[in-house]
A.B. asks: 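One structure, as structure tokens, below. Some questions next.
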Protein chains: 2
Amino acid sequence: MKSKDKVTIYDISKKLNISAATVSRALNNNPKISEKTRELVVKTAREMNYKQNRLAQALKQGRTNNVGVIVPYINRSFFSSVIRGIEEELTPHGYHIIIGQSHEEVEIEAEQLNALLNTQIDGIFMSVSKTTQKTDHIKKVLEEQTPLVFFDRKIDIPSVSSVVLDDYKAGYIATEHLIKEGCSRIAHLSGDINLEIYRNRFEGYKKALKDYEIDFNPEYVIQVNSKIESGMQAIDDLWKLEEKPDAIFSAGDYAALGAMQELRARKIKIPQEVCVVGFSNEPFTKYMELPITSMDQTPLMMGKIAAQVFLEQVKETNAYTVEKKVVLPPELIIRDSSNRKLLKLSDVS
Amino acid sequence: MKSKDKVTIYDISKKLNISAATVSRALNNNPKISEKTRELVVKTAREMNYKQNRLAQALKQGRTNNVGVIVPYINRSFFSSVIRGIEEELTPHGYHIIIGQSHEEVEIEAEQLNALLNTQIDGIFMSVSKTTQKTDHIKKVLEEQTPLVFFDRKIDIPSVSSVVLDDYKAGYIATEHLIKEGCSRIAHLSGDINLEIYRNRFEGYKKALKDYEIDFNPEYVIQVNSKIESGMQAIDDLWKLEEKPDAIFSAGDYAALGAMQELRARKIKIPQEVCVVGFSNEPFTKYMELPITSMDQTPLMMGKIAAQVFLEQVKETNAYTVEKKVVLPPELIIRDSSNRKLLKLSDVS
DNA sequence: TTGTAGGCGTTATCAT
DNA sequence: ATGATAACGCCTACAA
């Protein structure tokens with residue numbers, strides 16, 4: 001099996017009685033080469049079914065034109081959209097993208113990172129896992145001088161660029177929206193507080209409550225993961241309280257979905273009795289029979305901007321690394337799960 | 001930026017006053033080396049923060065330990081689960097996985113394939129795009145002697161292995177299920193007939209009708225893509241017919257979802273008036289307020305088996321390539337959208 | 001057990 | 001404009 005009869009520039013050079021160097025130059029559009037030989041070389045290369053060995057080229061040039069992207073999961077709409085954005089921006093520049101999943105495990109994340117570094121990647125885009133507390137494995141990337149760009153879930157390391165959402169503002173907007181819909185006992189399903197994004201959403205939530213003079217009630221804050229079940233469990237817990245909430249602001253769409261399922265099971269009307277807001281604008285939020293209000297994170301743009309930051313970084317040859325921190329505005333997509341106004345309108349008809 | 005001060009085995013050898021060969025052997029657990037030197041080398045390698053350059057290693061060894069996976073989209077639950085399966089099976093063998101998306105475009109598919117071949121991949125897993133008619137770009141893979149395994153969406157090429165679902169049976173089972181629920185005017189939302197999988201689902205559907213002596217009505221067959229909107233459009237078309245269908249068997253979950261939304265908009269009761277069955281068991285089918293019956297393709301297993309086929313193939317050194325065609329059984333997950341029996345039960349209570 | 005030397009396929013430098 | 005040659009970092013006969 002392993003006997004690939006590879007055609008090299010050497011084979012071409014022999015066939016044409018010229019040097020391998022000339023062949024290389026012809027293939028790389030080197031200016032100082034006659035048009036005649038270039039055409040000849042290109043033609044015979046095609047005839048002989050020559051394929052450039054990027055391994056050898058990369059070894060020689062010290063760059064692979066490959067970049068790595070590490071995300072917790074690729075099948076979250078948010079992450080796959082960011083990847084798509086990076087792809088669109090980088091492909092025209094000749095880069096290829098290697099995707100790795102950490103499955104939210106810091107050990108796997110470290111392995112993936114290591115593997116990418118070994119393959120001599122030209123840059124790394126990453127969104128850290130929930131379990132990433134230590135940053136040793138990430139610092140190694142910097143030691144290798146490999147450009148690194150965080151997106152969405154970052155870790156504060158000096159001189160490292162990042163593109164993130166304004167999660168504080170997002171938390172504020174979501175909560176404010178619920179208040180304006182007439183809710184006052186607003187529960188918050190928070191993500192893992194280890195991650196900055198979830199801390200920020202939580203802080204934004206608290207600030208909105210404060211601005212509208214609603215007392216913050218710690219009992220209304222439940223930590224969930226991004227599974228349906230944890231959203232159901234949260235409702236279970238919340239509904240044991242004396243004063244039931246009249247709104248749920250979930251830091252994730254899956255937990256919001258679980259919450260809605262549990263509320264439905266308890267015959268609680270949405271949005272009449274309880275309004276629900278999710279986060280991430282996963283496609284399913286739109287498709288539900290009762291579509292869920294959710295926060296859009298403009299993932300495509302996030303990916304594109306992250307790619308641009310990377311491109312600037314590699315352009316700055318020898319210059320000192322410029323740290324760039326981009327913060328994108330969130331956009332609340334209001335749907336039926338929190339839209340009481342719409343409800344009143346349809347009552348009329 | 002591009003001045004990575006790489007540590008090589010040469011640096012280590014100089015520091016320890018031994019040869020680079022010895023260092024290499026020590027690092028690769030070569031048996032004929034003294035335990036003492038091995039430990040010493042390993043230790044100083046770590047101290048000097050040595051990282052093996054897999055590029056050089058790959059160039060020398062003729063293998064990269066990388067495999068490529070090409071799918072239409074990574075954010076379809078089915079595809080990302082297959083990838084997960086491949087990953088789980090291959091990671092323990094030291095392989096890394098490079099993922100590429102074709103976005104259902106044969107041109108992009110060809111580019112991705114080419115890029116992977118250039119990077120000297122050790123094998124390729126792929127599920128072809130809808131627009132793949134010509135197979136020239138795929139034949140190139142074979143010319144390079146690179147192991148290739150198709151999964152789910154294959155193309156019949158002699159000597160190429162594949163792992164697919166028994167789509168014919170799946171189509172049969174789905175249709176039979178609808179018949180047993182009392183449906184007789186069963187419409188079929190078919191996928192692109194260019195793809196074998198959709199042809200097979202369609203054929204299975206027809207066979208079930210025949211076995212149960214239901215006339216096949218070509219007007220009941222609408223071709224859709226995997227977008228919600230096309231499912232809505234299909235209902236629009238079907239409901240212009242004299243005899244409205246009383247069941248929908250969709251070859252995709254997204255079209256099934258669109259169909260259900262349109263049926264709901266028309267106040268048609270599911271499953272009382274119309275039963276709906278989808279295909280792929282996308283997570284959202286389970287989470288809906290009215291969960292959708294769907295066909296599970298056991299993607300995790302499909303990925304694992306594809307990986308095993310690949311491993312066998314590379315093991316067969318020099319032996320003639322063995323073509324292996326694996327066909328997996330489908331599993332119908334029955335949910336509310338087609339479950340009239342459940343309905344009767346709950347009527348009682 | 002360890003060292004020497006050549007080569008994987010490419011490109012860059014220095015000649016010509 | 002083209003050719004010869006060295007080098008990228010690693011591995012592996014072959015020799016010692």
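Lettering of chains follows the sequences in order, A, B, ..., and the numbering in each one begins at 1.
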A.B. asks: Could you work out which one of D:dT12, D:dT2, D:dG9 sits closest to the side chain of B:Ser24?
C.D. replies: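 Within the option list, the nearest is D:dT12.
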A.B. asks: Side-chain donor or acceptor of A:Arg54 under 3.5 Å from a matching atom on the base of C:dG9?
C.D. replies: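 Result: no qualifying N/O pair found.
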A.B. asks: Among D:dG3, C:dG9, D:dT2, which nucleotide has an atom closest to any side-chain atom of A:Thr8?
C.D. replies: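 The listed nucleotide nearest to A:Thr8's side chain is C:dG9.
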A.B. asks: Could you state the CD1-C1' distance from A:Ile33 to C:dA12, rounded to the nearest angstrom?
C.D. replies: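 Result: 14 Å.
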A.B. asks: Among A:Glu143, A:Glu144, A:Lys140, whose side chain to side chain donor-acceptor pair (under 3.5 Å) with B:Asn49 holds?
C.D. replies: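 Of the listed options, the one satisfying the test is A:Glu143.
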A.B. asks: Please report the shortest heavy-atom distance between B:Asp122 and B:Phe310, naming the atom on each side.
C.D. replies: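 Between these two residues, the closest heavy atoms are O-CE1, 3.6 Å.
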A.B. asks: Ignoring the backbone of B:Ala21, work out which of C:dG3, C:dT10, D:dA4 is nearest its side chain.
C.D. replies: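 Ranking C:dG3, C:dT10, D:dA4 by closest atom to the B:Ala21 side chain puts C:dG3 first.
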A.B. asks: Is the phosphate of D:dC11 approached by B:Gln52 (side-chain N or O, under 4.0 Å from OP1 or OP2)?
C.D. replies: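 Yes, B:Gln52 has a side-chain N/O under 4.0 Å of OP1/OP2 on D:dC11.
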A.B. asks: Tell me: CZ of B:Arg63 to P of D:dC11, nearest whole Å?
C.D. replies: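 So the CZ-P distance, B:Arg63 to D:dC11, works out to 12 Å.
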A.B. asks: What is the distance, to the nearest angstrom, from the CG atom on A:Leu27 to the P atom on C:dG9?
C.D. replies: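 Whole-Å distance recorded here is 15 Å.
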A.B. asks: If only side-chain N and O atoms of A:Ser34 are considered, is one of them under 4.0 Å from the OP1 or OP2 phosphate oxygen of D:dT2?
C.D. replies: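 Answer is yes, contact under 4.0 Å.
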A.B. asks: Less than 3.5 Å apart, any donor N or O on the side chain of A:Glu87 or B:His103 sitting next to an acceptor on the other?
C.D. replies: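 Result is yes, a qualifying pair exists.
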A.B. asks: Checking contacts here: which listed nucleotide (D:dA1, D:dC10, C:dT2) is nearest the side-chain heavy atoms of B:Asn53?
C.D. replies: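 Taking heavy atoms from C-beta onward, the closest nucleotide is D:dC10.
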A.B. asks: When the distance from CG of B:Asn28 to C1' of C:dT2 is rounded to whole Å, what number comes out?
C.D. replies: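 Value for this atom pair: 15 Å.
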A.B. asks: Quick check on D:dT2: is either OP1 or OP2 less than 4.0 Å from any side-chain nitrogen or oxygen of A:Thr22?
C.D. replies: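 Looking at the OP1 and OP2 atoms of D:dT2, neither is under 4.0 Å from any side-chain N or O of A:Thr22.
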A.B. asks: In Å, rounded to the nearest 0.5 Å, how long is the span from CD1 of A:Ile97 to CD of A:Glu89?
C.D. replies: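 With rounding to 0.5 Å, CD1 (A:Ile97) is 10.5 Å from CD (A:Glu89).
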A.B. asks: Any sub-3.5 Å donor-acceptor pair from B:Glu109's side-chain atoms to B:Glu104's backbone N or O?
C.D. replies: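 Not confirmed, B:Glu109 side chain does not pair with B:Glu104 backbone.
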A.B. asks: Between atom CG in A:Asn17 and atom C1' in D:dA4, what is the gap in whole Å?
C.D. replies: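 Whole-Å distance recorded here is 16 Å.
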A.B. asks: Would you mind classifying the nucleic acid contact of B:Leu55 as base, sugar-phosphate or nothing, using non-hydrogen atoms under 4.0 angstrom?
C.D. replies: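 Touches nothing.
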A.B. asks: Write down the distance between CG (A:Asn30) and P (C:dC14), rounded to a whole number of angstrom.
C.D. replies: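 After rounding, the reported distance stands at 15 Å.
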A.B. asks: Measure from the side chain of B:Ala56, starting at C-beta and using heavy atoms only, and say which of C:dT1, C:dG9, D:dC10 lies closest.
C.D. replies: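 Among C:dT1, C:dG9, D:dC10, the one nearest the side chain of B:Ala56 is D:dC10.
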A.B. asks: Could you check which of D:dC10, C:dT2, D:dT12 has an atom nearest any side-chain atom of B:Gln57?
C.D. replies: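 In terms of side-chain proximity for B:Gln57, the closest of D:dC10, C:dT2, D:dT12 is D:dC10.
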A.B. asks: What's the closest nucleotide to the side chain of A:Gln61 if the choices are D:dA1, C:dC8, C:dA12?
C.D. replies: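 Within the option list, the nearest is C:dA12.
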A.B. asks: When only distance counts, do a donor and an acceptor, one from the side chain of A:Lys60 and one from the base of C:dA12, lie under 3.5 Å apart?
C.D. replies: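 By the distance-only test, no, there is no pair.
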A.B. asks: Quick check for you: among C:dT10, D:dC11, D:dA13, whose closest atom lies nearest to any side-chain atom of A:Tyr50?
C.D. replies: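 The nucleotide sitting nearest to the side chain is C:dT10.
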A.B. asks: Take atom CG of B:Leu40 and atom C1' of C:dT2, then tell me their distance rounded to the nearest Å.
C.D. replies: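 Going from CG in B:Leu40 over to C1' in C:dT2 covers 14 Å.
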A.B. asks: Between the side chain of A:Gln120 and the main-chain N/O of A:Arg63, is any donor-acceptor distance below 3.5 Å?
C.D. replies: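 No; zero donor-acceptor contacts below 3.5 Å.
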A.B. asks: Which one, C:dT11, D:dG3, C:dT10, comes nearest to the side chain of A:Ile18?
C.D. replies: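 In terms of side-chain proximity for A:Ile18, the closest of C:dT11, D:dG3, C:dT10 is D:dG3.
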A.B. asks: Find the distance B:Lys14:NZ to C:dG3:P and express it as a whole number of Å.
C.D. replies: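 It is 15 Å, rounded to the nearest whole Å.
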